[in-house]
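Only one structure is covered here, and it is reproduced in the block below.
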Amino acid sequence: MIDEFAKENLHGRLRRDREALLWKLDGLSEYDARRPLTVTGTNLLGLVKHVATVEARYFGEVFDRPSPEPLSRWQDSDGSDQWAAEGETRDQIVGFYRRTWEHSDATIDELPVDAPGHVPWWPEPYTDTNLFAVLVHVLGETVRHTGHADILREGLDGRTGLRPEHEQQIDEEARAAYRAKIERAARAAAPIKA
C-alpha cells in the first residue's frame, strides 16, 4: 500500500512540475524562449528539450522500453539537447515533451515501484536500480530545471510562480523596495572597500 502511495505521490508531483516548466514559455517571443540567458547558454526552450530528453531516457531505455521518439545514443551526447536549433520549432519541442510524458506515464503506470532498471550512464555500483529511484531522480531533475526556468523567466519579465492561477499582479514599486531592503542588508553585512 505504501508503495502505491509513494508512486502516485511522486508521479503527481512530476506531472505538476512538467506543467510548471512549460508554463515558463507562455507568452514569450521566439527569441526570448531561445536566447541564452546565462554565460553558459542556459535558455528556456533548451531546458524543456533537455528535461524531455532526460525523461525519455530514464523511463525508456532504463526499463527496456525505448522511447518512440528518435534519440541519439546517450554515449554520443553533445549538449544539443540543451538548446533549440534554428530548424526546431517551439511546437516541435513542446510536442516532443508531451509525447515523452505519455510514454513515461505508461512506464510508471504499468510497472511496480520496485521494477528493476539499468542505468548504464551511472557509475558502478549504482547502475542497477528500480522505478522508485528513477522516479525520485527524474523528479529531482525536473524540479531543478523548473527552478532554473523560474529564475530565467523572472529575469525576462518578472513573472514567477508554479501555476498561472496563483500568479499575482506584479507590483514594481513593492518589488523595488523589497530588493533595496535586501541590498542594504547585504552592504551592511559586507561593507564595500574603496
Side-chain angles (χ1 to χ4, degrees), residues 10-62 67-74 76-105 107-108 121 134-172 174-176 178-179 182-183:
L10 292 170
H11 196 184
R13 291 180 180 273
L14 178 60
R15 286 180 173 123
R16 176 198 68 187
D17 291 331
R18 288 168 174 165
E19 293 289 350
L21 179 56
L22 283 186
W23 179 50
K24 298 304 167 184
L25 296 174
D26 280 2
L28 289 179
S29 68
E30 281 304 309
Y31 176 70
D32 283 341
R34 296 165 172 271
R35 70 181 168 123
L37 296 167
T38 69
V39 295
T40 59
T42 305
N43 61 91
L44 289 163
L45 195 54
L47 286 171
V48 171
K49 184 178 176 185
H50 174 67
V51 171
T53 303
V54 165
E55 192 169 318
R57 288 197 193 292
Y58 277 97
F59 293 117
E61 294 171 48
V62 167
S67 170
E69 299 290 322
L71 297 172
S72 62
R73 294 177 339 132
W74 65 266
D76 299 332
S77 179
D78 62 0
S80 61
D81 71 322
Q82 297 184 15
W83 58 281
E86 277 179 54
E88 291 177 299
T89 69
R90 182 188 319 209
D91 286 345
Q92 287 172 323
I93 291 170
V94 169
F96 165 50
Y97 193 24
R98 288 190 183 279
R99 289 186 305 277
T100 295
W101 297 357
E102 291 174 15
H103 186 260
S104 298
D105 289 348
T107 297
I108 295 165
W121 51 89
V134 169
L135 257 168
V136 170
H137 180 79
V138 172
L139 178 60
E141 285 285 315
T142 304
V143 168
R144 177 175 175 243
H145 293 309
T146 300
H148 293 149
D150 197 38
I151 289 170
L152 294 178
R153 182 64 189 254
E154 181 180 350
L156 284 172
D157 62 9
R159 289 181 71 186
T160 62
L162 187 62
R163 296 186 194 104
E165 63 267 22
H166 297 295
E167 189 174 28
Q168 297 178 353
Q169 189 68 27
I170 298 170
D171 181 340
E172 296 291 346
R175 275 192 178 176
Y178 183 71
R179 188 179 187 289
I182 296 169
E183 179 68 27

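Only this structure's heavy atoms are used, side chains among them; waters, hydrogens and symmetry mates stay out.
- Here the side chains of Ile108 and Leu14 are in contact, with some heavy-atom distance below 4.5 Å.
- Interatomic distance, Leu22 CG to Asp17 CG, rounded to the nearest 0.5 Å: 11.5 Å.
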Test log, rule side-chain contact (heavy atoms from CB on, under 4.5 Å), inputs Thr160 and Arg153: CA-CA 7 Å; Thr160 62; Arg153 182 64 189 254; over 6 Å; no
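- Using a 4.5 Å heavy-atom threshold, the side chains of Glu61 and Ser67 count as separate.
- In this structure Asp150 satisfies the salt bridge (Lys or Arg N to Asp or Glu O under 4.0 Å) test together with Lys24, sequence neighbours excluded.
- Contact check for Val62 versus Trp121: side-chain heavy atoms found under the 4.5 Å cut-off.
- When atom types are taken as modelled, the side chain of Asn43 and the backbone of Gln82 share a donor-acceptor pair closer than 3.5 angstrom.
- Judged as a ring-ring contact (aromatic ring centres under 6.0 Å, His included), and not counting sequence neighbours, the contacts of Tyr97 are Trp101.
- The heavy-atom pair separating Arg175 from Gly158 by the smallest distance is NH1-O, 2.6 Å.
- Side-chain atoms of Val138 and Val51, non-hydrogen and from C-beta on, never get closer than 4.5 Å to each other.
- Note that CG of Leu28 is 10.5 Å distant from CG of Leu152, once rounded to the nearest 0.5 Å.
- Taking Arg98 as the reference, Glu19 meet the salt bridge (Lys or Arg N to Asp or Glu O under 4.0 Å) condition, with sequence neighbours excluded.
- Between the side chain of Arg57 and the backbone N or O of Thr53, no donor-acceptor pair lies under 3.5 Å.
- Between atom CG of residue Leu44 and atom CG of residue Asp26 there is a gap of 11.0 Å, rounded to the nearest 0.5 Å.
- Legend: salt bridge (charged side-chain N to carboxylate O under 4.0 Å, His left out) pairs involving residues 135-148, not counting sequence neighbours: none detected.
- The side-chain hydrogen bond (donor to acceptor under 3.5 Å, both in side chains) test applied to Asp78 returns Ser80, not counting sequence neighbours.
- In this structure Thr107 satisfies the side-chain hydrogen bond (donor to acceptor under 3.5 Å, both in side chains) test together with Arg65, sequence neighbours excluded.
- Annotation for Asp157 and Arg159: closest pair OD1-N, 3.1 Å, computed over non-hydrogen atoms.
- To the nearest 0.5 Å, atoms CD1 (Ile151) and OG1 (Thr38) are separated by 11.5 Å.
- In terms of heavy atoms, Ala56 sits closest to Leu71 at CB-CD1, 3.8 Å.
- Considering OG1 of Thr100 and OH of Tyr58, their distance stands at 15.0 Å, rounded to 0.5 Å.
- Applying the salt bridge (charged side-chain N to carboxylate O under 4.0 Å, His left out) rule to pairs touching residues 82-91 yields Glu30-Arg90, Lys49-Glu88, sequence neighbours excluded.
- Partners of Asp32 according to the salt bridge (Lys or Arg N to Asp or Glu O under 4.0 Å) rule, which considers only residues two or more places apart in sequence or in another chain, are Arg35.
- Here the CZ-OG distance, from Arg99 to Ser104, works out to 12.5 Å after rounding to the nearest 0.5 Å.
- Checked against side-chain hydrogen bond (donor to acceptor under 3.5 Å, both in side chains), Ser29 has no partners two or more places apart in sequence or in another chain.
- Checked against side-chain hydrogen bond (donor to acceptor under 3.5 Å, both in side chains), Arg18 has the following partners two or more places apart in sequence or in another chain: Glu55, Asp105.
- By the ring-ring contact (aromatic ring centres under 6.0 Å, His included) test, His145 pairs with His50, His148, sequence neighbours left out.
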